[in-house]
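Heads up, the thing below is written out as structure tokens.
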Amino acid sequence: MDWPRGLDGLCYGGDYNPEQWPEEVWDDDVLLMREAGVNLVTVGVFSWARLEPREGEYDFAWLDTVLGKLHAGGIAVNLATPTASPPPWFTLAHPDALNVRPDGVRQVHGSRDTYDVTAPAYREASRRIAAALAERYAGHPALAMWHVHNEYGSTSFSEHAERAFRTWLEAKYETLDALNTAWWGSFWSQHYGEWDQVLAPRATQYLANPAHELDFKRFTSDAMLDHYKEQRDLLREANPEVPVTTNLVFGQWVPVDPWKWAAEVDLVAFDSYPSAPDERAEQQSAFHADLSRSWAGGGDWLLMEQAAAAVHSKDGAVAKTPGRMARHSMIHISRGSKGAMFFQWRAGRGGAEQWHSALVPHAGKNTRMFREVVEFGNTLPGIAHTTAEPVEADVAILWSPESWWATAAAHLPAPVDYLENAAQIHRVLRERGVVADFASPEGDLSKYATVIAPTTYVLSRAAAENLRWFTAGGGRLVASYLTGAVDEHCQVWLDGYLGGLTDLFGVRVTEHLPQPAGERRALWNFGAAERFCELVELRGAQCVTQYATGDLIEGQPAVTVNPFGEGEAWYVSCKLGDDAWDRLFEELELTGPGGPGLDVVDRGEWRFIVNHTEQEAQVGHVIVPAGSWAVDKRPR
Ligand code: GAL
């Protein structure tokens, strides 16, 4: 029960916000959707103020009309609960339900995402509007899926959050002694004598306690998940036939543990907004897609949002040139998405996102953009049958949300960009034509031949055992610098770091040696290291390459390998450049049929090829024109 009900092809459509438009536009919308091959739209994401204009008073007439028109047009509905944007009447009546920033400032309405999932009034209002929607629409023939909320991520440091945090901590640690020990409370006199003394990690005078911050992120993920589950359960109860999901999103501001959340949604859904202004956007899209598929356990997932054309980044809007929307969509579909959905259907005339691209641009249907939307939408039914088999990967990159969160701390052995380190490995593998999965450090690794752990700074005892078991059983483990520097409480793993796995790696790390920014340290015959190196003592491992230069490190091991059980463990004691990772993957014989600018994904008897280059590409017997894509039989 994870396929949007009633749909058996690939999903195509996006956020549809008819309440922004007069009713006469709605019929035109349905006609254009049909022309474009749209079969699923997400309705009502930000409609709370229109659905419940005053507390307890509902106006469903407009939504009845919209759903009726869509259904008559053969378009299925992914109906949202609107809780990501509470109406002004709600926030004025319940100011305590607005989120509080780390500096203690309570935010006000006027944008969106101003809510505090731990505020009782917000929880109650969320249940009420979700229940009202369930009661009215659970049996509606247009309803294919429920879309709870939108992009969970807003953190609140309010008193409500603080109270809920203490309850969460009590359940986790049981005693204050255990909490004080786990948080190393004796440092800077942070020993707590009563539960009520524990606060949310708001702005402090100087550095905060990393264990406290990490637990607060875990707590926030769980608190938001509770809010999701409360709605999911009542929607499910109203009609167990309809799958329920929410759209996950990516960012340092999002304290959501996707491994935990994926287990609670019927279909993993993800919003992909690459931020790079150049061809790295393709890399970011592939990275998002491989993560989403992996969160979904290797199975189907859905690209719930992407931009049809111009993508807004910090540096302004970047156009999608002809064919790029289709290629990005195919990156996702080939990597397991059940279709391609967008934000939003019709470009708004006003509002904060009036300049965001859309499937129907401001200039209407007679545009290059809409013609591409129509062309691509009408291609999808013809390839739906090629997406039945799973994506095949025997390499996994560890994805550790906790390492990402913990390396955001201000005080580390060196600045660590966890996201870039994971993305770098994915990027170099992709350029070598390898499609990789991601895996949780504590998840099942048994189907992989190779597992790569990029700066997996937080390594719990369970994760360390998991890696030991994987390697002993014949797996090839590759870990990069700072892996296993600390445990699940952000406490240092003593006597060599490495999550206590010094016997597995056959090395001890004895010192961290940050290098000056911009200086590269050459490795013998192996490219170069950047920014960070470690002093490594061999304890049985062989040295694969050494540092060629650098105080203290010249002549010392940079990359090592150690046989362990049936497998082997590689250790990379520095931040490698792309060239050095490429060299290492050459050594490990990790190659695949794709290459730079060329995504090739095999699924069962089918091969997907997306050519992002400006030259025609030939893969086996298939010729793919520049900037185009193809699905063909895979050579056997
Ligand atoms: C998403 C969000 C949409 C829209 C979009 C713009 O993160 O869910 O509502 O804001 O970004 O790119």
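Every number for a ligand or one of its atoms is a count from 1 in the order of the listing. Bear in mind the structure is a predicted one, so any value in this text is a computation, not a measurement.
Under the 30°/60° scheme for interplanar angles, the aromatic rings of H332 and W301 are found to stand perpendicular. A parallel orientation is assigned to the rings of H149 and Y152, their planes being inclined by less than 30° (bins at 30° and 60°). In this pair, W89 and W48 present their aromatic rings perpendicular. The plane angle is above 60°, beyond the 30 to 60° band.
Checking R232, R236, R5 one by one against D266, the salt bridge (Lys or Arg N to Asp or Glu O under 4.0 Å) holds for a single residue, R236.
A salt bridge links R346 with D28; the closest basic N to acidic carboxylate O contact falls under 4.0 Å.
Residues F60 and Y137 bring their aromatic ring centres within 6.0 Å.
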Check ligand 1 for N or O atoms under 3.5 Å from a protein N or O and list each pair with its distance.
unit_1, atom_1, unit_2, atom_2, d
ligand 1, 7 (O), E151, OE1, 2.5
ligand 1, 7 (O), E151, OE2, 2.6
ligand 1, 8 (O), N150, ND2, 2.9
ligand 1, 8 (O), E151, OE1, 3.3
ligand 1, 8 (O), E151, OE2, 3.2
ligand 1, 8 (O), E305, OE1, 3.0
ligand 1, 8 (O), E305, OE2, 2.8
ligand 1, 9 (O), R112, NH1, 2.9
ligand 1, 10 (O), R112, NH1, 3.1
ligand 1, 10 (O), R112, NH2, 3.1
ligand 1, 10 (O), E353, OE1, 2.8
ligand 1, 10 (O), E353, OE2, 2.7
ligand 1, 12 (O), H356, NE2, 2.7

